[in-house]
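Because the structure is predicted, anything quoted here is derived from the model rather than measured.
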Amino acid sequence: MAGSRMKLELCRVAQGRSRLGVLTGLGRTSQQSLDVPGCLLYTHFGTVPHLTQDTLHTVSNLPAVTQVTLSHIAEHQEVLEEFKDGFRKFAGLHDTVLYCSLHDPAVLCPTGYTTNKTVSVWGSGGRMELTVAKFMALQKTVQPDWYQSMADGETWQSNTSRKRVRKSVDRTLTHLDECLLVHQNSQELEGVEVFGVVEGGDILEERVRSARETAKRPVAGFCLDGFQSGSMDQALKTQLISAVIKELPEDKPRLLQGVGRPDEVLACVEAGVDLFEGFFPFQVTERGCALCFDFDVSLDPERAGRAPHAVLKLNDDQKDTVGETQQNGDPCLDQTQMTSFEINLNDKRYHDDFRPLVEGCGCYCCKNHQRAYLHHLLVTNELLAGVLLMIHNTAHYHGFFGALREALASEKLDVLKRQVNNRWRG
């Protein structure tokens with residue numbers, strides 16, 4: 001396999017293992033880049049849920065990398081093969097870098113369907129089994145810029161036996177070797193990058209073994225799997241991630257799958273994670289909620305490239321909502337539950353609240369509409385509610401990542417952590 005064009009250029013390693021830099025050499029022309037730490041643009045079949053491309057681009061500072069998943073694409077393989085020009089052109093994604101993962105990070109997949117030769121994905125038509133041959137045929141059809149190797153990721157549950165975890169690591173390494181062999185002999189995948197997957201459940205020795213062996217393969221980066229929100233407490237998650245990262249090369253990116261809550265993002269960045277999946281705004285939108293947490297770390301908002309941080313403050317009623325949502329600040333929750341980083345616009349308290357979702361937010365929703373209007377749209381089941389909430393939640397979440405990079409650059413990560421964690425504790 002030819003040398004990777006993807007390069008991680010670090011400009012700072014701050015406060016332990018937190019890394020600030022730029023991932024360069026992205027796309028078929030190698031001209032695009034992604035700031036680190038950062039997150040990917042989450043989509044369903046290439047489209048951000050609720051938003052057209054024109055509507056999406058009212059949001060500024062969107063990431064250059066769009067994530068698509070085989071769980072959404074696999075059942076359309078025949079159509080894409082007939083189309084011949086790849087998924088990017090099929091979905092009208094002209095200027096983005098395309099990353100293809102196995103599963104939808106916003107949905108926990110059922111377990112018990114993996115074999116030595118196959119993994120399963122779930123689409124609208126039900127379960128589909130993928131062999132390595134089928135998996136690689138899909139990659140040739142999709143024509144992504146980079147993709148996650150096939151992996152047995154069914155060991156994220158805390159009651160998984162050591163034997164099952166060991167088998168998961170073995171299967172994932174075997175799948176990786178088989179994928180790399182097909183990849184190296186495929187003209188259609190020339191210039192496409194592969195990310196190896198690190199498994200190992202909650203067993204330290206298997207995590208280390210998986211990371212060490214995956215790092216020996218010619219991959220461009222690493223996907224850390226099995227750390228989904230709710231799968232383990234944050235202390236164990238941080239311990240395992242730290243141990244994994246010690247085995248990985250410094251010059252390749254680390255993408256953490258299934259983690260999106262802001263407090264968890266901060267903890268994992270401190271452990272050395274570079275990239276995250278951007279599914280959290282979608283989950284918040286589906287609950288009829290709006291992100292409203294504070295991430296004010298900058299006295300120079302122009303550098304952050306967004307609305308002034310100083311106006312993104314909690315209002316008294318938002319603080320009340322925090323207390324109602326999570327009294328105990330339990331760090332180990334089901335990822336579909338409402339969190340303390342959002343307000344529930346279904347609540348009748350907002351029926352006559354004529355303020356924007358977040359004071360000072362520059363998104364289209366906050367500049368043009370009030371909480372009362374969003375409440376009305378939700379209780380009357382209007383489709384516009386999802387559109388406006390997704391605009392705001394996407395803008396707010398990617399603004400948080402801008403603030404995170406600003407905090408690392410200005411040595412204010414502790415300030416950002418206090419703001420976010422205080423919000424979480426309510």
(message) Tell me whether T115 contacts the main-chain N or O of K117 through its side chain, where contact means a donor paired with an acceptor under 3.5 Å.
(response) yes
(request) Would you please test E270 and R17 for salt bridge (charged side-chain N to carboxylate O under 4.0 Å, His left out) and show each step? (result) CA-CA 6 Å; E270 281 198 297; R17 299 186 181 90; over 6 Å; no
(message) Restricting to non-hydrogen atoms, name the atom on L275 and the atom on V36 that form the minimum distance, rounded to 0.1 Å.
(response) CD2-CG2, 4.1 Å
(message) Tell me if the centroids of the rings in Y42 and F280 come within less than 6.0 Å of each other.
(response) no
(message) Is it the case that the side chains of N393 and T285 hold a donor-acceptor pair, with the cut-off being a distance below 3.5 Å and no angle test?
(response) yes
(message) Do L130 and V121 have side chains that approach each other closer than 4.5 Å (heavy atoms only, starting at C-beta)?
(response) yes
(request) Would you sort out whether L41 and V48 count as a side chain to side chain contact (heavy atoms under 4.5 Å, CB included), showing the intermediate values? (result) CA-CA 8 Å; L41 187 65; V48 174; 3.9 Å; yes
(message) Set out, in order, the CA-CA distance, both residues' side-chain angles and the distance that settles salt bridge (charged side-chain N to carboxylate O under 4.0 Å, His left out) for E81 and K140, then state yes or no.
(response) CA-CA 9 Å; E81 287 176 344; K140 294 176 186 178; over 6 Å; no
(message) Using modelled atom types and a 3.5 Å cut-off, is there a donor and acceptor pairing between side-chain atoms of Q257 and backbone atoms of C223?
(response) no
(message) If we ignore hydrogens and angles and just use 3.5 Å, is the side chain of T96 paired with the main-chain N or O of L93 as donor and acceptor?
(response) no
(message) side chain to side chain contact (heavy atoms under 4.5 Å, CB included), that's the test. Do L40 and F276 meet it? Break it down for me.
(response) CA-CA 6 Å; L40 315 179; F276 298 82; over 6 Å; no
(request) Evaluate the side-chain proximity of L248 to T214: yes if any heavy-atom separation is below 4.5 Å, no if none is. (result) no
(request) Could you note down all residue pairs passing side-chain hydrogen bond (donor to acceptor under 3.5 Å, both in side chains) where residues 200-209 supplies at least one of them, sequence neighbours left out? (result) D170-R209, E206-R209
(request) Would you indicate whether the side-chain heavy atoms of S186 and M136 approach each other to under 4.5 Å? (result) no
(request) Working to the nearest 0.5 Å, report the span between CD of Q77 and CG of L138. (result) 4.0 Å
(request) Indicate yes or no for a side-chain donor-acceptor contact from H369 to the backbone of P356 under 3.5 Å, with no hydrogens or angles considered. (result) no
(request) Return yes if a side-chain donor-acceptor contact under 3.5 Å exists between E154 and S168, otherwise no. (result) no
(request) Please name the pair of heavy atoms, one in G288 and one in N344, separated by the smallest distance, quoted to 0.1 Å. (result) O-OD1, 3.7 Å
(message) Which heavy atom of C289 sits nearest to which heavy atom of L389, and what is that distance?
(response) O-CD2, 3.5 Å
(message) Counting only heavy atoms not in D95 (residues, nucleotides, ligands), do more than 12 fall under 6.0 Å from its CG?
(response) no
(message) Less than 6.0 angstrom separating the ring centers of Y147 and Y99, yes or no?
(response) no
(request) Give a yes or no answer on whether the side chain of D145 reaches the backbone of L98 with a donor-acceptor pair at less than 3.5 Å. (result) yes
(request) Give a yes or no on whether the backbone of A151 and the side-chain of H175 come within a donor-acceptor separation of less than 3.5 Å. (result) no
(request) Mind checking the CG-CZ spacing from L26 to R5? Nearest 0.5 Å is all I need. (result) 9.5 Å
(request) Find out whether Y373 and L384 are in side-chain contact, i.e. whether some heavy atom of one side chain is under 4.5 Å from a heavy atom of the other. (result) yes
(message) Do L404 and L416 make a side-chain contact, defined as non-hydrogen atoms from C-beta onward lying under 4.5 Å apart?
(response) yes
(message) Can a donor-acceptor pair be found, under 3.5 Å and without considering hydrogens, that links the side chain of Q31 to the backbone of T29?
(response) yes
(request) Could you grab the distance from atom NE2 of H44 to atom OG1 of T69, nearest 0.5 Å is fine? (result) 7.5 Å
(request) Please say whether more than 12 non-hydrogen atoms of neighbouring residues, nucleotides or ligands are located less than 6.0 Å from CD in E188. (result) yes
(request) State, yes or no, whether a side-chain contact exists between C100 and Q148 at a heavy-atom distance under 4.5 Å. (result) no
(message) Within the 3.5 Å criterion, strictly below it, is a donor on E342 or T339 matched to an acceptor on the partner's side chain?
(response) yes
(message) Show the nearest heavy-atom pair for residues S33 and A64, with the distance to one decimal.
(response) O-CB, 3.3 Å
(request) Assess the side chains of E406 and S410: does a donor N or O sit below 3.5 Å from an acceptor N or O? (result) no
(message) Check for me whether the distance between the ring centres of H76 and F90 falls short of 6.0 Å.
(response) no
(request) Return yes if some donor-acceptor pair links the side-chain N/O of D274 with the main-chain N/O of R254 below 3.5 Å, else return no. (result) yes
(request) Answer yes if the side chains of Q67 and E277 hold a donor-acceptor pair under 3.5 Å, and no otherwise. (result) yes
(message) Counting C-beta onward and ignoring hydrogens, is there a side-chain heavy-atom pair between P218 and L180 closer than 4.5 Å?
(response) yes
(request) Indicate the atoms forming the closest heavy-atom contact of I245 with A271, along with that distance. (result) CD1-O, 3.3 Å
(request) Working to the nearest 0.5 Å, report the span between CG of L173 and NZ of K216. (result) 9.5 Å
(message) Set out, in order, the CA-CA distance, both residues' side-chain angles and the distance that settles side chain to side chain contact (heavy atoms under 4.5 Å, CB included) for I203 and R162, then state yes or no.
(response) CA-CA 7 Å; I203 299 175; R162 182 178 290 268; 3.4 Å; yes
(request) Look only at the side chain of N346 and the backbone of R287, and say whether a donor-acceptor pair between them is shorter than 3.5 Å. (result) yes
(message) Can you tell me how the ring of Y397 sits relative to the ring of F400, calling it parallel under 30°, perpendicular over 60° and tilted otherwise?
(response) tilted
(message) Looking at H183 and V192, would you say the former's side chain and the latter's main chain have a donor-acceptor pair under 3.5 Å?
(response) yes
(message) In the structure I gave you, are the side-chain heavy atoms of V244 and I241 within less than 4.5 Å of one another anywhere?
(response) no
(message) Could you measure the distance from the OG1 atom of T394 to the NE2 atom of H50? Nearest 0.5 Å is fine.
(response) 9.5 Å
(message) Under the ring-ring contact (aromatic ring centres under 6.0 Å, His included) definition, can you give me all pairs with a residue in residues 114-140, not counting sequence neighbours?
(response) Y113-W122
(request) Measure the OG1-CG distance between T24 and D35 for me, rounded to the nearest 0.5 Å. (result) 11.0 Å
(request) State whether D177 and R217 are salt-bridged, where the test is any N-O pair (Lys NZ or Arg NE/NH1/NH2 against Asp/Glu carboxylate O) under 4.0 Å. (result) yes
(request) Step through it carefully: locate the ring centre of Y364, locate the ring centre of H392, and say whether they are under 6.0 Å apart. (result) no
(request) Give the C-alpha distance, both sets of side-chain angles, the deciding distance and a yes or no for side chain to side chain contact (heavy atoms under 4.5 Å, CB included) between V259 and V273. (result) CA-CA 11 Å; V259 171; V273 172; over 6 Å; no
(request) Kindly give the heavy-atom pair with the smallest separation between R19 and K252, and that separation in Å. (result) NH2-O, 3.4 Å
